[in-house]
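As a basis for the values below, the full set of heavy atoms in this structure was taken, side chains included, without hydrogen atoms, waters or symmetry mates. Predicted, not measured: the structure shown is a model, and the values here were computed from it.
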Amino acid sequence: MADTSNGLMFGLAQVMFAPDQGEEVELGWISEEGLSPSGSAASFTDIYAAQVTDGPVDSIMSNPGSDAFDMTLIQLKADNLSKIFGGKAEADGSWTPPSSFVKTGVVTFKAHSGHSMRIFKARVSKSQFQNGLNMNNVMGIGINVQMLKDADKERRFRIYPPGVDPDGADETADAAG
């Protein structure tokens, strides 16, 4: 079925993460700011010629840049934290963090508009604590999701229109090659 939406993707409804060696899990509640782009722009080296005095004659891309998102996880439940980052979730609900807060896997963002976006190889890492601990805010853990190149596939991410299940669409697209 063709996409009949207006193409506007809005409202973060859910963030799912499937670590390389693990099952897909919902990250939990993300602060109302949702996702913020945090990648870097491509950079270029300008090439100048002695004969041309009014500007560069060419530019060479020296860095293709990167795509990433930042978000703040505000639902700090031991079970989710251990599934996302590792560490130990105790029976009493406490959590002991791991020594490293870096995992790779598949991240899927679902929007209230019905759209989804999947990053096929994502590096998920903790940045720093967010928001402080006071009566005007809730403590959160900053999370960075960086898009990496999947060596087996050309794509880094895919955006799905409303009504399209990412799992089914990926199986169909991957089978077609």
Participant: If hydrophobic clusters are built from ILVMFWY residues whose side chains come within less than 4.5 Å, do F129 and W29 share one?
Facilitator: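 No: no chain of side-chain contacts under 4.5 Å links F129 to W29.
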
Participant: Using modelled atom types and a 3.5 Å cut-off, is there a donor and acceptor pairing between side-chain atoms of S62 and backbone atoms of S43?
Facilitator: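 Yes, because the side chain of S62 sits within donor-acceptor range (under 3.5 Å) of the backbone of S43.
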
Participant: Give the cluster check for F109 versus Y160: same hydrophobic cluster or not, with ILVMFWY residues linked at side-chain heavy-atom distances below 4.5 Å.
Facilitator: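 Hydrophobic grouping puts F109 apart from Y160.
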
Participant: Is there a side-chain contact between V106 and R118 (heavy atoms, below 4.5 Å)?
Facilitator: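 Yes; the side chains approach each other to less than 4.5 Å.
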
Participant: Report the residues that fulfil side-chain hydrogen bond (donor to acceptor under 3.5 Å, both in side chains) with S40, sequence neighbours left out, ordered by chain and then residue number.
Facilitator: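 By the side-chain hydrogen bond (donor to acceptor under 3.5 Å, both in side chains) rule, S40 matches S66.
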
Participant: Would you say V102 ends up clustered with V25 if hydrophobic residues are merged whenever their side chains have heavy atoms under 4.5 Å apart, either directly or through other cluster members?
Facilitator: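 No: no chain of side-chain contacts under 4.5 Å links V25 to V102.
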
Participant: Please give me the minimum heavy-atom distance between A111 and A13, naming the atom from each residue.
Facilitator: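 Where A111 meets A13 most closely, the heavy atoms are C-CB, 3.9 Å.
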
Participant: Please round to the nearest 0.5 Å and tell me the distance separating atom OG of S99 and atom CZ of F85.
Facilitator: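 These two atoms lie 13.0 Å from each other.
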
Participant: Hydrophobic clusters join Ile, Leu, Val, Met, Phe, Trp and Tyr when side-chain heavy atoms are under 4.5 Å apart, directly or via other members; which others share one with V57?
Facilitator: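 Joined to V57, directly or through intermediates: I47, V52, I60.
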
Participant: Nearest heavy-atom pair of S82 and A89: which atoms, and what distance?
Facilitator: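 That closest heavy-atom pairing would be OG-CB, 3.6 Å.
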
Participant: What distance do Q128 atom CD and I141 atom CD1 have between them, rounded to the nearest 0.5 Å?
Facilitator: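 CD1 of I141 is found 11.5 Å from CD of Q128.
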
Participant: What's the shortest heavy-atom distance between H115 and S5, and which atoms?
Facilitator: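 Between these two residues, the closest heavy atoms are NE2-OG, 3.5 Å.
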
Participant: Kindly compute the distance separating CD (Q14) from NE2 (H112), expressed to the nearest 0.5 Å.
Facilitator: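 It comes to 10.0 Å.
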
Participant: Please report the interatomic distance CD1(I143) to OG(S127), rounded to the nearest 0.5 Å.
Facilitator: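 I143 CD1 to S127 OG: 8.0 Å, rounded to 0.5 Å.
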
Participant: Does the side chain of T72 pick up a donor-acceptor pair with the side chain of N131 at under 3.5 Å?
Facilitator: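 No, because no side-chain N or O of T72 sits under 3.5 Å from a partner of the opposite role on N131.
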
Participant: Tell me every residue that passes side-chain hydrogen bond (donor to acceptor under 3.5 Å, both in side chains) with R123, counting only those two or more places apart in sequence or in another chain.
Facilitator: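 So R123 forms a side-chain hydrogen bond (donor to acceptor under 3.5 Å, both in side chains) with Q146.
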
Participant: Measure the CD1-CG distance between I74 and L27 for me, rounded to the nearest 0.5 Å.
Facilitator: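 So the gap between those two atoms works out to 12.0 Å.
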
Participant: Heavy-atom distance under 4.5 Å between the side chains of R156 and K121, does that happen here?
Facilitator: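 Not in contact.
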
Participant: Grab the two heavy atoms, one from P162 and one from S113, that are nearest each other, plus how far apart they are.
Facilitator: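 Smallest heavy-atom distance, with atoms named: CG-O, 3.5 Å.
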
Participant: Is F157 atom CZ crowded by more than 12 heavy atoms from other residues, nucleotides or ligands, each under 6.0 Å away?
Facilitator: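 Not more than 12 within 6.0 Å, no.
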
Participant: Does the side-chain contact (heavy atoms from CB on, under 4.5 Å) test come out yes or no for D150 and R155, once each step is laid out?
Facilitator: CA-CA 7 Å; D150 186 345; R155 63 179 189 231; 5.6 Å; no

Participant: Taking all non-hydrogen atoms of both residues into account, name the closest pair between M139 and L76 and its distance.
Facilitator: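 M139 and L76 have their closest heavy atoms at O-CD1, 3.9 Å.
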
Participant: For atom NZ of K149, is the number of surrounding heavy atoms from other residues, nucleotides or ligands below 6.0 Å larger than 12?
Facilitator: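 Buried by this count: over 12 neighbours within 6.0 Å.
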
Participant: Take L73 and I30, measure what side-chain contact (heavy atoms from CB on, under 4.5 Å) needs, and give me the verdict at the end.
Facilitator: CA-CA 5 Å; L73 178 67; I30 305 301; 4.0 Å; yes

Participant: More than 12 heavy atoms of other residues, nucleotides or ligands under 6.0 Å from CD of E90: is that the case?
Facilitator: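 Yes - once you tally the heavy atoms of other residues, nucleotides and ligands closer than 6.0 Å, there are more than 12.
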
Participant: Hydrophobic cluster membership, with links at side-chain heavy-atom distances under 4.5 Å among I/L/V/M/F/W/Y: are M16 and L35 in one?
Facilitator: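 M16 and L35: separate clusters.
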
Participant: Starting from F17, can I reach L12 by hopping between I/L/V/M/F/W/Y residues whose side chains sit under 4.5 Å apart?
Facilitator: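 Yes; tracing contacts between hydrophobic side chains, which count when under 4.5 Å, links both residues.
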
Participant: Please report the shortest heavy-atom distance between N63 and G65, naming the atom on each side.
Facilitator: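 Heavy atoms of N63 and G65 come nearest at OD1-N, 2.7 Å.
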
Participant: List the steps and the verdict of side-chain contact (heavy atoms from CB on, under 4.5 Å) for S31 and Q130.
Facilitator: CA-CA 10 Å; S31 69; Q130 303 288 319; over 6 Å; no

Participant: Between D20 and T104, is any side-chain donor less than 3.5 angstrom from a side-chain acceptor?
Facilitator: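 Result is yes, a qualifying pair exists.
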
Participant: Could you state the interatomic distance from CZ (F120) to CG (L148), rounded to the nearest 0.5 Å?
Facilitator: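 It comes to 13.5 Å.
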
Participant: Can you confirm whether more than 12 heavy atoms, excluding those of W95, are under 6.0 Å from its CH2 atom?
Facilitator: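 Above 12, so yes.
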
